Amino acid sequence: MIDLKALRENPAKFKEGAALKKMPVDIDRALALDEQRRALQTRRQALAGEQGQLEKSVGPLLGKLNGELKKATDPAQRAALEAQVAELRAKPAALKAQVQELEVQEKAVEPELTALMLTIPQPPDADVPRGQGSDDNVQLRTWAPAAGAVVTGGWDFAKSFKANRGFAPRTHIDLCGRLGLVDFPRGVKMSGTRSYVLAGDGMLLHQAVLRYAMDFMVRRNGFVPMSVPVLVREECMIGTGFFPAGREQAYMINERARADADVAGSAGGGADAKAAGHDLFLTGTGEVGLMGLHEGEILDEAQLPLKYVTVSPCFRREAGAAGKDTAGLYRVHVFDKVEQVIICRADEAESRRWHKEMLGYVDALLQSLGLPYRLLQCCTADLGVKNADMVDVECWMPGRGEVDADGVPSGGFGETHSASRLYDYQCRRLNMRYRAGGEAGKGAPVVCHSLNNTVAASPRLLIPILEMYQNADGTVTVPEVLREYMGGKTQIG
RNA sequence: GGUGAGGUGGCUGAGCGGUUGAAAGCAGCAGACUUGAAAUCUGCCAUGGGCCUCGGUCCAUCGGGAGUUCGAAUCUCCCCCUCACCGCCA
């Protein structure tokens with residue numbers, strides 16, 4: 001969520017930001033509602049103050065009169081007292097009615113304003129390239145193992161796979177079938193399209209990647225490992241910025257409807273019986289659980305930065321992706337991901353520094369795996385609602401791209417990581433703040449900054465591993481760093 | 001699933017109809033004492049928001065929502081959550 005005060009002061013900035021992100025949102029309407037609400041609030045509060053004063057002076061007197069009324073026996077005296085009481089009550093009651101009326105008007109304005117505020121995107125940073133879509137993303141740099149690398153023999157982006165390795169590549173789908181690493185038909189039988197079953201060495205390799213990535217972040221980079229819920233309440237999805245924009249991307253567990261049905265179906269349940277419970281959502285990334293951890297908290301500045309890593313299943317409906325990447329392990333409904341998150345002080349320079357750091361961890365990880373990749377600076381139109389800046393990492397996948405006359409794919413980059421810088425957008429929604437000033441003194445609470453980045457998402461990352469490490473005979477060499485996680489196995493097949 | 005007890009400031013914990021935005025303790029901050037520190041003493045220490053002559057001032061908030069009342073942390077109802085014991089169970 002953006003800062004409402006900032007919006008008031010500089011609406012143009014947010015209008016431009018929304019335009020750059022290609023996200024139409026009625027900012028003027030938000031401003032008008034805000035002004036309307038404030039006007040109502042000012043009037044209401046003035047009246048409420050008056051009412052409060054009146055009550056304080058009238059209250060004790062009323063108590064006294066009521067006491068006398070109880071004791072009074074003479075009808076004439078009673079009537080006089082009753083009249084006095086009624087008069088005393090009338091004034092604050094009249095004010096209260098006005099206050100309540102204004103309150104009703106305020107509450108009528110609020111939902112629309114809140115809904116609008118949740119959809120106003122964070123403006124992209126000034127140095128993010130402007131663009132119309134993913135085609136305008138800018139390649140920052142590439143990396144490939146040097147010639148003579150032990151396992152893959154090095155890689156040259158200028159040459160085809162065949163020129164690099166001396167044989168035509170098989171796709172990961174082909175390899176998985178031949179080596180029995182993935183059983184797609186049975187996955188589909190049970191769960192429908194985009195489902196799969198990792199089998200044998202395929203499952204081992206998947207686990208090896210995740211465990212290696214986790215150890216890599218914890219042991220080498222000092223991240224705190226966490227297990228977090230993947231089934232969360234709607235507030236958690238809104239707080240982390242995934243809702244309302246991405247609501248159709250998340251699986252929902254409709255517990256309320258179910259509880260209602262149970263009540264209606266049971267013998268004792270009347271038609272109007274409403275069962276308790278709340279709906280839950282399956283998270284599409286461990287980021288939700290990691291960021292939700294400190295929701296509503298005021299942290300001590302000395303605790304920052306918080307560096308968390310988790311490995312969790314991720315659930316995505318892939319609504320609107322019909323037909324895209326339908327074959328293979330690239331786009332699936334459920335996968336596992338090691339995710340890193342950093343919560344730091346509200347400082348742009350620090351935020352930028354951590355962003356580079358987080359990308360550095362991925363550099364080191366992919367280089368240790370010997371996988372060629374590139375860094376892609378996302379352009380304004382390719383950013384989500386919540387980020388000010390985003391850099392994607394794409395691994396080279398020899399099985400992607402155009403297929404030539406001989407059925408050999410050209411290869412292509414496929415996204416495996418995404419590093420976002422959010423400033424305080426996410427933490428403001430989560431109401432996550434820290435006490436500035438540290439030991440020097442107590443400052444006002446400040447909204448934290450947050451960042452996140454993939455460490456390893458599998459099985460997608462298995463695609464470049466299998467395709468890059470395949471051998472002419474159809475076997476696959478196990479990357480050196482993963483061997484200890486596969487019982488020392490050096491080759492699959 | 002059954003029964004019972006609870007949810008109060010950074011933490012512990014009083015208050016159960018009327019200057020209680022909230023006692024007390026701990027933690028924190030400032031000062032005094034001290035060569036320094038500890039101990040001790042004194043003072044300050046919630047959050048969000050509105051208005052404003054930027055010094056203030058007012059409003060809201062004691063799990064969330066609705067209600068009763070002139071007045072609610074305190075009473076009523078609904079919801080959420082936690083704990084204990086029993087039952088069941090990976």
Side-chain angles (χ1 to χ4, degrees), chain A residues 1 3-9 33-69 81-107 109-111 113-114 117 229 231-236 238-239 255-256 259-260 262-263 266 268 270 272-280 292 294-304 424 427-448:
Chain A
M1 182 133 61
D3 184 0
L4 185 53
K5 276 185 189 157
L7 179 70
R8 251 179 245 154
E9 282 162 20
L33 288 168
D34 170 48
E35 207 173 308
Q36 201 179 330
R37 190 189 57 166
R38 268 155 54 219
L40 289 166
Q41 195 175 1
T42 304
R43 273 205 286 156
R44 193 201 84 223
Q45 290 185 353
L47 290 174
E50 210 179 310
Q51 188 200 348
Q53 291 302 315
L54 216 54
E55 266 160 14
K56 265 183 197 161
S57 61
V58 161
L61 203 59
L62 258 175
K64 216 179 93 190
L65 286 174
N66 276 326
E68 286 176 25
L69 197 57
L81 283 170
E82 270 166 11
Q84 268 190 58
V85 168
E87 196 195 325
L88 278 178
R89 281 186 179 177
K91 268 195 196 165
L95 278 171
K96 190 184 173 183
Q98 289 181 58
V99 169
Q100 280 176 337
E101 170 55 28
L102 287 168
E103 230 165 43
V104 167
Q105 290 181 37
E106 251 180 275
K107 283 191 178 163
V109 172
E110 242 153 47
L113 177 59
T114 308
M117 283 300 289
L231 194 56
V232 303
R233 298 185 180 210
E234 185 163 21
E235 298 89 273
C236 204
I238 293 171
E255 281 290 292
R256 273 190 303 188
D260 286 344
D262 285 352
V263 169
S266 68
D272 57 340
K274 192 90 176 163
H278 49 252
D279 297 334
L280 292 165
H294 297 287
E295 171 167 14
E297 295 184 23
I298 298 180
L299 304 163
D300 191 330
E301 186 174 14
Q303 290 175 260
L304 304 178
D424 61 3
C427 292
R428 176 168 290 107
R429 284 187 178 216
L430 286 165
N431 195 220
M432 192 191 299
R433 296 164 296 170
Y434 68 93
R435 188 78 66 181
E439 293 182 15
K442 289 224 162 188
V446 182
V447 180
C448 303

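Owing to the predicted nature of the structure, the values given are computational and were not obtained by experimental measurement. Letters A, B, ... are given to chains in the order of the sequence lines, protein chains preceding strands, and every chain is numbered from 1.
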Near A:Glu35 CD, under 6.0 Å, is it more than 12 heavy atoms from other residues, nucleotides or ligands? no

Between B:U47, B:G49, B:C59, spot the one nearest the side chain of A:Arg44, thanks. B:C59

Could you spell out the base pairing of RNA chain B as a dot-bracket line? Use Watson-Crick and G-U wobble contacts where both distances are under 3.5 Å, [ ] for crossing pairs, | for partners on a different strand. ((((((((.[[[..)..(.....]]].(((((.......))))).((((((....)))))).[[[[[..)....]]]]])))))))....

Among the nucleotides B:C81, B:G49, B:C51, whichever has the atom closest to the side chain of A:Arg233 is B:C81

Can you find a donor-acceptor N/O pair under 3.5 angstrom joining the side chain of A:Glu297 to the base of B:G10? no

Please give the distance between the C1' atoms of B:C83 and B:U19 as a whole number of Å. 36 Å

Atom CZ of A:Arg37 and atom P of B:C59: how far apart are they, to the nearest Å? 18 Å

Return the residues of residues 95-104 of chain A meeting this criterion: a heavy atom under 4.0 Å from some atom of RNA chain B. Order them by number, or give none. A:Lys96

Say we look at B:A60 and B:A39: how far apart would their P atoms be, to the nearest angstrom? 42 Å

OP1, OP2 of B:G49 versus side-chain N and O of A:Arg8: anything below 4.0 Å? no

Side chain of A:Arg429, backbone of A:Ile238: donor and acceptor closer than 3.5 Å? yes

Quantified in whole Å, what is the C1' atom distance between nucleotide B:U76 and nucleotide B:G21? 24 Å

Under 4.0 Å: is that the gap between some side-chain N or O of A:Lys107 and OP1 or OP2 of B:A66? yes

A:Arg433 side-chain proximity, nearest of B:G48, B:C51, B:A66: B:G48

